[in-house]
Structures are given as C-alpha cells and as structure tokens.
There are 2 protein chains.
Amino acid sequence: MARTAGRPTRSKAEIQEFRSKIGKHALEIYRLEGFGAVSMRRLAKEVGCAPMTIYAHFEGKTDILRFLWADVLGDMSNDIEKKLKSVVGARERLRAAAQTFVDYWIDHPDHFRLVFMSNNVTRADVSTFIMDEDTLAHFLMFSGLIQQVLPDELENKVRTDTLISGMIGIALCTNTIPDYPWADGTSMTEQLLSSIIA
Amino acid sequence: MARTAGRPTRSKAEIQEFRSKIGKHALEIYRLEGFGAVSMRRLAKEVGCAPMTIYAHFEGKTDILRFLWADVLGDMSNDIEKKLKSVVGARERLRAAAQTFVDYWIDHPDHFRLVFMSNNVTRADVSTFIMDEDTLAHFLMFSGLIQQVLPDELENKVRTDTLISGMIGIALCTNTIPDYPWADGTSMTEQLLSSIIA
DNA sequence: TTAATATTTGGCACGCGTTCTATATTATTA
DNA sequence: TAATAATATAGAACGCGTGCCAAATATTAA
C-alpha cells in the first residue's frame with residue numbers, strides 16, 4: 001500500500017477515457033476516408049497528442065482496430081435484426097439470419113477484410129481477434145436461433161460453431177478468391193444450413 | 001511487324017525465367033526465415049538486382065506471393081494424398097481428405113495466414129488470390145471425391161464449393177478468433193460433411 | 001559505327017508501424 | 001517548497017511497399 005511520492009498511476013477511468021477517445025477518432029477517420037487512412041501518425045494528429053502517447057495506451061494498431069470491429073459487427077447485427085422483424089417461423093428465421101449474415105460480408109468486402117483479415121504480420125503467434133461481450137453476443141444469436149429450430153438437440157454448440165465458421169468461410173472465399181467460380185452465396189448458405197438443421 | 005531499330009522486348013521465356021528466379025529466392029527466404037523476412041528490398045539484394053527492377057516484372061509484392069502460395073498448397077496436397085493412400089471407401093476417403101485439409105491449416109497458422117490472409121490494404125478492390133491451374137487442381141480434388149460418394153447428384157458444384165469454403169472458414173475462425181471457444185475442428189468438419197453427403 | 005529503343009539502375013521521396021532515447025511535464029508525498 | 005515517480009513529448013531511427021525520374025547500359029537495325 002504505502003504510497004510513496006510521485007505522480008500516481010493513471011486511474012482505470014482515465015485509461016478507459018483516453019482509449020475510447022482514440023477509438024472514436026479512429027472510427028471517424030475510418031468512416032470518412034476508409035481503413036487506409038487510419039494510421040498511428042494521423043490518429044495522433046487528429047486527437048492532438050504525440051504518436052508515442054498512443055503506444056502508452058495501446059499495444060499497437062491492432063489494439064485500436066477493435067473499435068472498428070465493434071462498429072462493423074454492430075452494423076451487421078442491425079441488418080439481421082431488421083430482417084428478422086418481418087420473418088416468422090424458427091426455420092425461416094434461422095435461414096434469413098444466415099443469408100443476411102453472408103450477404104452482409106459479401107456486399108461489404110472492405111468490412112470483411114477489416115474484421116477478419118487484419119493480419120499482424122510481425123507476430124504470427126499473437127491472435128488478431130479479441131472477443132468482448134458485445135462481439136460474443138452477435139455470434140451467440142445464432143445459437144439461440146438454432147435452439148429455436150432444434151430445442152432438444154444436445155450438440156447445438158457444434159452446430160452453431162460450424163454454421164458461423166462456415167458462413168465466414170463462404171464470405172472469405174467469395175471475397176478473396178474471385179478467380180474461382182464459386183457457387184453463389186445464397187446456394188452455399190442453403191447447403192450449409194442443411195447440415196445444421198438436417 | 002516491321003521491326004525498327006533498338007533493343008527488342010523481353011521474350012516470354014526471359015520474363016518467365018526472371019519471374020521464377022525471384023520466386024525461387026522468395027521461397028528460400030520464406031522457408032528459412034519466415035514470411036516477415038520476405039521483402040522487396042531484401043529480395044532484390046538476394047537476387048542481385050535493384051529493387052525497382054522487380055517492379056518491372058511483378059505488379060507488386062502480392063504478385064510474388066503466388067509462388068509461396070503454390071508451395072504451401074502443394075505441401076497441403078501432399079498431406080492429403082499421403083493420408084488417402086491408406087483409406088478405402090468413397091465416404092471415408094472424402095472424410096479423411098476433409099479432416100486432413102482442415103487439420104493442415106489449423107496446424108500451420110502461419111501458412112494459413114500467408115495463403116488466405118495476405119491482405120493488400122492499399123487496394124481493397126483488387127483481389128488477393130490468383131488461381132492458376134495447379135491451385136485449381138487442389139480444390140477440384142474435392143469435387144472428385146464427392147462425385148465418388150454421390151455419382152448421380154446434380155448439385156455437386158454447390159456441395160463442393162460449400163465444403164471447401166466451409167473448411168477454410170473453420171480454419172480461419174480457429175486461427176484468428178481463439179478467444180471464442182470454438183468446437184474442435186474435427187467435430188465441425190464432421191458436422192459440415194453431414195450436409196454434403198447427407 | 002551510329003542511331004534507336006528497351007531495360008536496368010540509383011537516388012530520392014512519401015507515408016507507414018514501430019522502437020529507442022532523452023527531455024519535459026505533471027501530480028503527488030514528504 | 002522540494003523530492004519523486006508517472007507520464008507525455010519530440011526527434012531520430014529502422015525497414016517496409018511503392019512510386020517517380022534521370023542516367024546508364026544493353027541490344028538491335030540501318
């Protein structure tokens with residue numbers, strides 16, 4: 001305990017505040033000028049601090065991207081919720097959600113790249129994605145929808161995870177390997193669904 | 001026709017030779033020191049030419065990565081072929097191939113990143129992947145395996161593409177979103193397969 | 001040989017992520 | 001107020017991908 005002299009450590013609140021300020025500006029730049037414009041130097045200039053200060057609050061650029069991910073995932077989630085408002089029936093709701101999910105990423109390749117392909121080449125061992133509670137909720141929604149279709153099924157986790165990763169895979173392939181004549185996203189999603197709600 | 005004076009354009013063979021020389025060195029650096037070590041400047045030094053000369057033969061770095069992709073895909077393909085030697089029965093062969101495919105990418109995260117996540121941030125519109133015939137063959141192998149299981153099925157293309165993109169999706173998620181407790185790759189692959197050979 | 005053309009080269013430049021170092025500023029306790 | 005510890009800052013540096021440009025070099029037809 002016994003505090004010695006000197007400036008005290010930043011409080012949690014202060015750290016949080018600074019981080020979200022950076023995040024806010026990152027989002028602003030991203031929305032206005034795209035991902036390419038979001039740079040550490042630019043961000044520092046925008047927020048009015050030295051570039052080095054940012055590194056005192058963030059591990060690196062990847063750490064900042066989380067704010068953009070949250071934004072994009074929220075956007076996608078909105079699409080699905082909007083769609084689901086007019087859809088009834090457990091099977092149809094799952095179907096609609098899955099199709100909207102896949103459509104979103106195919107219609108927004110830049111968003112897909114931002115969320116799923118921000119590679120930190122320098123350290124391959126460190127993972128790109130950090131799941132927070134909000135992000136998690138967007139994925140677990142599918143678990144609920146599947147539960148509606150198959151209430152008694154025990155392996156809902158495997159089903160949910162397979163569906164999610166499968167959908168992301170469809171989006172990935174369509175986005176990054178256009179030279180291969182993929183079947184259209186709708187058909188593939190339908191095929192994928194048939195394994196989940198067989 | 002009527003050739004005027006002056007140095008003639010590089011022949012196709014010369015271009016090809018230089019390109020493969022660069023590719024060879026890129027592979028060497030990659031295998032010895034990893035992807036991070038493969039840079040344009042380094043490559044030029046290694047091959048003994050000016051950095052700009054490379055740009056006369058390649059569109060950019062992404063254009064060079066194709067050589068690394070081919071290498072990795074060949075490696076993966078070997079794994080599958082080796083595995084298939086001891087497996088009989090159409091269903092089991094498809095199953096084994098799929099599992100080996102997924103396992104490969106999960107066991108080699110760096111290779112996965114190299115092949116499926118080399119993002120060119122600058123131009124989001126330009127695709128990452130370029131399919132050549134060899135690459136194509138690695139993917140179409142699954143089409144053949146599925147045909148063995150379901151000879152009369154018309155929608156083999158949708159089935160093949162869904163399987164491939166689904167498997168890649170499983171690998172992507174496992175590799176890049178480790179904070180989420182994904183079901184294990186084997187289970188998800190099995191679940192995915194159930195839609196293909198239902 | 002000379003003239004013409006293709007290619008290669010070196011050098012400079014920009015902005016990038018990131019790290020390092022030294023210095024300044026700030027907020028606290030003694 | 002003075003000492004102290006945390007933080008912020010400026011500035012340089014490294015290597016990166018990538019463009020631009022003028023000069024050098026290579027290879028051909030006349």
Side-chain angles (χ1 to χ4, degrees), chain A residues 1-19 21-22 26 29-30 33-66 68 114 117-124 126 128, chain B residues 1-19 21-22 25-26 29-30 33-66 68 114 118-124 126 128:
Chain A
M1 294 298 118
R3 283 273 299 106
T4 51
R7 184 178 182 166
T9 310
R10 293 168 301 188
S11 73
K12 293 279 181 192
E14 282 169 328
I15 294 177
Q16 182 65 27
E17 189 184 357
F18 187 88
R19 282 180 64 90
K21 188 164 88 174
I22 294 284
I29 299 175
Y30 170 64
E33 307 179 41
F35 172 68
V38 181
S39 75
M40 301 300 269
R41 290 171 164 90
R42 168 75 185 277
L43 210 42
K45 193 178 295 178
E46 206 91 359
V47 85
C49 73
M52 289 314 302
T53 309
I54 300 182
Y55 279 91
H57 295 260
F58 291 90
E59 280 191 24
K61 195 180 179 182
T62 317
D63 201 12
I64 298 177
L65 296 186
R66 296 170 54 184
L68 309 189
L114 172 64
M117 296 177 66
S118 309
N119 61 342
N120 39 351
V121 185
T122 45
R123 292 187 291 170
V126 172
T128 300
Chain B
M1 292 297 117
R3 282 273 299 107
T4 52
R7 184 177 181 167
T9 309
R10 294 169 300 190
S11 74
K12 293 279 182 191
E14 282 168 329
I15 294 177
Q16 182 66 26
E17 190 184 357
F18 187 88
R19 283 179 63 90
K21 188 164 88 174
I22 294 284
H25 282 263
I29 300 175
Y30 170 65
E33 306 179 38
F35 172 69
V38 181
S39 76
M40 301 299 269
R41 288 171 164 89
R42 167 75 184 276
L43 211 41
K45 195 178 294 179
E46 206 91 359
V47 86
C49 74
M52 289 316 299
T53 309
I54 300 181
Y55 280 91
H57 295 261
F58 291 90
E59 281 191 23
K61 195 180 179 182
T62 316
D63 201 11
I64 298 178
L65 295 186
R66 295 170 56 184
L68 309 189
L114 172 63
S118 309
N119 61 342
N120 39 351
V121 185
T122 45
R123 294 185 290 170
V126 172
T128 300

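These figures come from a predicted structure and were not determined experimentally. We name chains A, B, ... by the order of the sequence lines, and we start the count at 1 in each one.
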Should the pair [X]-[Y] be classified as a salt bridge under the 4.0 Å nitrogen-to-oxygen rule?
X: B/E33; Y: B/R42; value: yes
X: B/E59; Y: B/R66; value: no
X: A/K21; Y: A/E17; value: no

Between [N] and [X], is there an OP1 or OP2 to side-chain N/O distance shorter than 4.0 Å?
X: A/Y55; N: C/dT19; result: no
X: B/S39; N: D/dC16; result: yes
X: B/H57; N: C/dT8; result: yes
X: B/R10; N: C/dT7; result: yes

| message | Let's see if you can work this out: which of D/dA10, C/dT28, C/dT18 has an atom nearest to the side-chain heavy atoms of A/A50? | response |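 Of the options given, the side chain of A/A50 lies nearest D/dA10.
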| Where the side chain of A/T53 is defined as all heavy atoms beyond and including C-beta, which of D/dT18, C/dT18, D/dT9 is the nearest nucleotide? |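 Closest nucleotide to the A/T53 side chain: D/dT9.
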| So, does B/K45 use its side chain to make a donor-acceptor pair with the main chain of B/M40 at under 3.5 Å? | no
| query | With distance as the sole test, does B/R41 use its side chain to make a donor-acceptor pair with the main-chain N or O of B/P51 at under 3.5 Å? | reply |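 Not confirmed, B/R41 side chain does not pair with B/P51 backbone.
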Please report the distance, rounded to the nearest Å, between [atom1] in [X] and [atom2] in [N].
X: A/I64; N: C/dC16; atom1: CD1; atom2: P; answer: 13 Å
X: A/L43; N: C/dG17; atom1: CG; atom2: P; answer: 9 Å
X: A/K61; N: C/dT18; atom1: NZ; atom2: P; answer: 8 Å
X: B/K45; N: D/dG15; atom1: NZ; atom2: P; answer: 8 Å
X: B/E59; N: D/dG19; atom1: CD; atom2: C1'; answer: 15 Å
X: A/E46; N: C/dC16; atom1: CD; atom2: P; answer: 12 Å
X: B/D63; N: D/dG17; atom1: CG; atom2: P; answer: 14 Å
X: B/M40; N: C/dT9; atom1: CE; atom2: P; answer: 14 Å

| request: Please figure out whether B/M52 or B/F18 has its closest DNA chain C nucleotide nearer the 5' end. | output: B/F18
| request: Classify the side chain of A/R41 versus the base of C/dG17 as yes if they form a donor-acceptor pair under 3.5 Å and no if they do not. | output: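 A donor-acceptor contact between them is present.
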